[in-house]
Amino acid sequence: KPAGATRGKFDSPQAIWATQWLRERYSLNDFVAGHTYLFEAIYPENKKLSRLIGDYGDFSGLVLLAAINIRDGSELDPVKEGKRLGIKHAEEFNFNSIDDVAKFVKSDTFDEEGFVAYYPFNGLRVKIKSNHYEFRHRAARVLDEQHLWGWFKQGYSAESLCRLLP
């Protein structure tokens, strides 16, 4: 039977939820043998995620990020594998430079948590957070006059800050 784990733990709340979700829908035979599947778990009870990152609407499930061969590190195409399994997969973006990535993530129109930059030549993955996520994260921890003035100095208006609040 398939099982979920978070940082090697099978008994975290997210791992237990993911295991149940997987077992209700799949058997081990549905997955390509010899591969480890990486997912993001999105569900209402995972309050920190849903409160800080944004509104996923009614979506509750796993999002396929990668499927990695345990012997040689090669990867299946997550878009094709997601479609084959009938499971949501991460959206793919292509950029020409790290400057283009930074400009996109820091733009006012990018209203997501961020994304994972993947370098296929060496398998490196780097999580990049958006300004919107950073603001929501800080606002959830502490929102006082000093922090507000800091955001105003960065060019945010009171109206734009209100739209970002969780």
Side-chain angles (χ1 to χ4, degrees), residues 1-137 140 164 166:
K1 295 180 182 180
T6 57
R7 296 184 187 239
K9 294 179 73 174
F10 290 94
D11 60 352
S12 72
Q14 293 85 2
I16 292 168
W17 186 91
T19 296
Q20 180 180 346
W21 191 92
L22 283 166
R23 289 181 179 176
E24 288 172 356
R25 292 161 178 80
Y26 300 97
S27 73
L28 273 181
N29 293 332
D30 294 320
F31 298 95
V32 177
H35 286 74
T36 295
Y37 285 71
L38 307 177
F39 297 98
E40 180 79 38
I42 299 172
Y43 59 100
E45 295 80 12
N46 198 358
K47 294 190 188 314
K48 180 180 177 185
L49 177 71
S50 59
R51 179 171 45 91
L52 289 178
I53 296 172
D55 182 9
Y56 285 98
D58 293 334
F59 179 77
S60 185
L62 296 179
V63 177
L64 180 63
L65 303 177
I68 304 171
N69 185 299
I70 60 174
R71 293 188 192 273
D72 64 14
S74 63
E75 298 191 27
L76 300 176
D77 181 313
V79 174
K80 289 179 184 174
E81 187 62 4
K83 288 179 181 177
R84 184 187 73 77
L85 290 168
I87 193 168
K88 190 172 181 153
H89 54 81
E91 187 175 353
E92 188 174 296
F93 296 88
N94 291 300
F95 297 99
N96 293 320
S97 71
I98 194 68
D99 291 334
D100 291 344
V101 173
K103 184 190 292 184
F104 178 73
V105 172
K106 299 302 179 191
S107 73
D108 282 340
T109 58
F110 186 68
D111 192 25
E112 304 295 330
E113 173 188 5
F115 59 90
V116 176
Y118 172 62
Y119 299 89
F121 60 90
N122 65 4
L124 176 68
R125 284 182 167 79
V126 178
K127 188 176 258 188
I128 301 171
K129 302 288 187 177
S130 72
N131 277 354
H132 299 283
Y133 174 82
E134 293 293 328
F135 174 78
R136 288 181 183 132
H137 186 73
L164 294 175

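Computed from a predicted model, the values in this text were never measured in an experiment. Values reported hereafter were calculated over all heavy atoms of this structure, with side chains retained and with hydrogens, waters and symmetry mates removed.
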Would you say Arg23's side chain and Ala3's backbone share a donor-acceptor pair under 3.5 angstrom?
no

OG1 on Thr19 to NZ on Lys1, rounded to 0.5 Å
11.0 Å

Just how far is it from atom CG of Asp77 to atom CG of Leu64, taken to the nearest 0.5 Å?
9.5 Å

Might you point out which heavy atoms bring Trp21 and Ser60 nearest each other, and give the distance in Å?
NE1-O, 3.7 Å

Which heavy atom of Gly4 sits nearest a heavy atom of Phe10, and at what distance?
O-CD2, 3.3 Å

Is a donor on one side and an acceptor on the other found under 3.5 Å between the side chain of Tyr37 and the backbone of Val32?
yes

Distance, nearest 0.5 Å, that separates CH2 of Trp17 from CG of Leu62
5.0 Å

How about CG on Asn96, more than 12 heavy atoms from neighbouring residues, nucleotides or ligands closer than 6.0 Å, or not?
no

Does any non-hydrogen side-chain atom of Phe104 lie less than 4.5 Å from one of Phe93?
yes

Could you measure the distance from the NE2 atom of His89 to the NZ atom of Lys80? Nearest 0.5 Å is fine.
12.0 Å

Taking all non-hydrogen atoms of both residues into account, name the closest pair between Ala15 and Ala5 and its distance.
CB-CA, 3.7 Å

Testing the 3.5 Å rule here: is there a donor-acceptor pair between the side chains of Ser97 and Asp99?
no

Which heavy atom in Leu85 sits nearest to a heavy atom in Tyr26, and how many Å separate them?
O-OH, 2.9 Å

Euclidean distance, Asp30 CG relative to Leu28 CG, rounded to 0.5 Å
8.5 Å

Looking only at non-hydrogen atoms, find the nearest pair between Ala90 and Val63 and report the distance.
N-CG1, 3.6 Å

Return the minimal non-hydrogen interatomic distance between Ile68 and Arg125, and the atom names on each side.
CD1-NH1, 4.1 Å

Taking Ala66's backbone N and O only, do any of them form a donor-acceptor pair with Tyr118's side chain (distance below 3.5 Å, no angle check)?
no

Within this structure, what is the NZ-NZ distance for the pair Lys88 and Lys83, rounded to the nearest 0.5 Å?
13.5 Å

